[in-house]
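Chain letters run A, B, ... following the sequence lines, proteins first, then strands; residues in each count from 1. Computed from a predicted structure; not experimentally measured.
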Amino acid sequence: MDQMSNVTHKYLRPKKSFPNVWCPGCGIGIAMGAMIRAIDGLGLDKNQVAVVSGIGCTARIPVYLDFNTLHTTHGRPLAFATGVKLANPKMKVIVVSGDGDLLAIGGNHFIHAARRNMDITCILVNNYIYGMTGGQYSPTTPFKKLSSTGPYGMIEQSFDPAELARTAGATFVARGTVFHASQLSRLMSQAINRHGFSFVEVISNCHTQYGRLNREGSAVKMIQWQKDHAVPVSVAAKKTPEELEDKFITGVLYEQEKPGYVEEYQKIIDRFSRESTESMVRVTES
Amino acid sequence: MADIEQASEKKSWKKRTDPVVIYKKWCKACSICIEMCPKQVFDTDRDGFPVVTRGMDCTQCSICWIHCPEFAITSNEK
Ligand SMILES: Cc1ncc(C[n+]2csc(CCOP(=O)(O)OP(=O)(O)O)c2C)c(N)n1
Ligand code: SF4
Ligand code: SF4
Ligand code: SF4
């Protein structure tokens with residue numbers, strides 16, 4: 001992966017809105033940097049990349065990026081991205097949004113985009129909470145953890161986004177953290193470089209809401225926590241479930257080839273355009 | 001007068017050879033770079049901003065700039 005220090009600057013819209021809106025130390029900026037390095041490393045043309053988001057702190061990412069960008073409505077980035085992809089199948093379409101956006105209000109779009117194996121890269125920045133709106137619990141807030149709408153602790157079970165993506169039909173599922181920023185870039189690069197619904201979950205820190213409510217400390221402390229709780233796939237295979245209890249597994253979790261919606265749709269278009277030219281030829285010949 | 005000239009010359013020399021440069025307008029003093037640098041290249045100034053004080057120890061490992069959420073760190077060598 002290209003580790004050039006200022007490579008990110010080529011892809012920013014610096015005049016527009018810097019410094020960015022995020023709290024000092026928020027991991028979203030690190031995830032965004034990893035994403036830029038992944039795109040740069042693949043040598044993609046800026047005009048052939050579309051970055052789509054919904055609403056939330058994470059969803060601010062496209063605002064700063066010099067690609068084709070769409071900052072859409074809450075929960076709907078995958079629906080917009082599907083439209084972009086079908087209208088322009090050559091475009092690399094990347095959705096980046098938060099756990100609330102993609103899994104709460106956008107949960108249905110999420111499972112169906114995965115089920116269709118829609119040719120989209122979906123990056124979910126999981127900070128376990130609704131950051132932007134004041135720390136309400138999200139579908140990924142862990143059991144017993146505090147949030148502003150769950151002041152006695154979360155009593156609901158949470159989604160495991162990667163597992164949800166896999167069972168819904170995603171053909172590539174990976175998990176990284178903002179602590180492991182270069183690995184994260186590599187995972188994103190793999191996801192962007194393939195066909196089908198490719199999902200990357202990014203464990204990030206919201207120290208302002210989640211961290212403050214759960215006394216998990218500063219941004220630096222929360223990022224260090226990721227280092228201590230991440231277990232690479234190869235290591236996890238040798239561990240017992242007890243040893244993995246408060247840990248999460250990182251790396252490529254699942255990969256499979258399956259026909260995708262975009263190519264199947266193209267086949268139908270090709271078939272009918274062939275049949276219609278053939279029938280036109282018949283008409284003119286007779 | 002000569003002193004000042006010398007000092008500023010020294011300062012600009014130091015600036016040119018700092019292995020990494022912080023763009024202060026974008027930096028939010030989150031201290032991620034300060035804490036994560038394996039070579040303790042940075043110190044913290046009074047306002048919490050990073051300053052390069054042990055530039056000669058820098059190995060250009062990239063940890064600081066890939067973790068800066070503000071894109072505020074640029075390497076002078078890469
Ligand atoms: C239809 C609609 N409902 C609710 C909101 C309020 N709202 C804005 S962002 C957000 C949740 C953001 O959480 P998440 O997606 O986890 O992003 P984060 O801020 O944590 O990155 C909510 C509920 C809205 N903007 N639109
Ligand atoms: S509220 Fe949380 S997620 Fe939003 S910018 Fe601040 S730290 Fe980041
Ligand atoms: S490149 Fe590495 S050694 Fe040099 S300042 Fe950054 S983190 Fe420290
Ligand atoms: S990581 Fe970036 S924003 Fe944070 S203190 Fe260092 S230079 Fe400033």
Colleague: What heavy-atom pair brings B/Cys30 and A/Gly25 nearest, and what distance separates the two atoms?
Modeller: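 The pair with the smallest heavy-atom distance is CB-N, 3.3 Å.
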Colleague: I'd like to know if the side chain of B/Lys28 reaches the main chain of A/Pro19, judged simply by a donor and an acceptor atom lying under 3.5 Å from each other, with no hydrogens or angles considered.
Modeller: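 Checked: no pair found.
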Colleague: Which pair of non-hydrogen atoms, one from B/Pro69 and one from A/Cys26, has the smallest distance, and what is that distance?
Modeller: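 Taking B/Pro69 first and A/Cys26 second, the nearest heavy atoms are CB-O, 3.3 Å.
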Colleague: If you count every heavy atom of other residues, nucleotides or ligands that lies below 6.0 Å from A/Lys247 atom NZ, does the total exceed 12?
Modeller: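 Buried by this count: over 12 neighbours within 6.0 Å.
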Colleague: Is the shortest heavy-atom distance from the side chain of B/Thr74 to the side chain of A/His9 under 4.5 Å?
Modeller: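 In contact.
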Colleague: Return yes when atom OH of A/Tyr11 has more than 12 non-hydrogen atoms of other residues, nucleotides or ligands closer than 6.0 Å, and no otherwise.
Modeller: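 Atom OH in A/Tyr11 is packed in, count exceeds 12.
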Colleague: Just wondering, do A/Phe18 and B/Phe71 contact through their side chains at under 4.5 Å, heavy atoms?
Modeller: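 They are in contact (side-chain heavy atoms under 4.5 Å apart), so the answer is yes.
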Colleague: To the nearest 0.5 Å, tell me how far B/Ile63 CD1 sits from A/Phe179 CZ.
Modeller: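 It comes to 7.5 Å.
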Colleague: A/Ile223 versus chain B, heavy atoms under 4.5 Å apart: side chain, backbone, both or neither?
Modeller: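 Contact with chain B is through the side chain of A/Ile223 alone.
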Colleague: Within the 4.5 Å heavy-atom criterion, are A/Ser182 and B/Ile66 side-chain neighbours or not?
Modeller: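 With C-beta onward as the side chain, the pair touches.
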Colleague: Ignoring hydrogens and angles, tell me if any N or O in the side chain of B/His67 forms a donor-acceptor pair with the backbone of A/Ile30 under 3.5 Å.
Modeller: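 No, the answer is negative, given that no donor and acceptor are paired below the 3.5 Å cut-off.
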Colleague: Evaluate the criterion side-chain contact (heavy atoms from CB on, under 4.5 Å) for residue pair B/Ile73 and A/Asn6; output intermediate values, then yes/no.
Modeller: CA-CA 8 Å; B/Ile73 307 181; A/Asn6 48 14; over 6 Å; no
Colleague: Please determine whether the number of non-hydrogen atoms from other residues, nucleotides or ligands lying under 6.0 Å from atom NZ of A/Lys46 exceeds 12.
Modeller: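 Enclosed: over 12 neighbouring heavy atoms sit under 6.0 Å from NZ of A/Lys46.
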Colleague: Can you tell me how far the OG atom of A/Ser218 sits from the CD atom of B/Glu35, to the nearest 0.5 Å?
Modeller: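 So the OG of A/Ser218 and the CD of B/Glu35 are separated by 7.0 Å.
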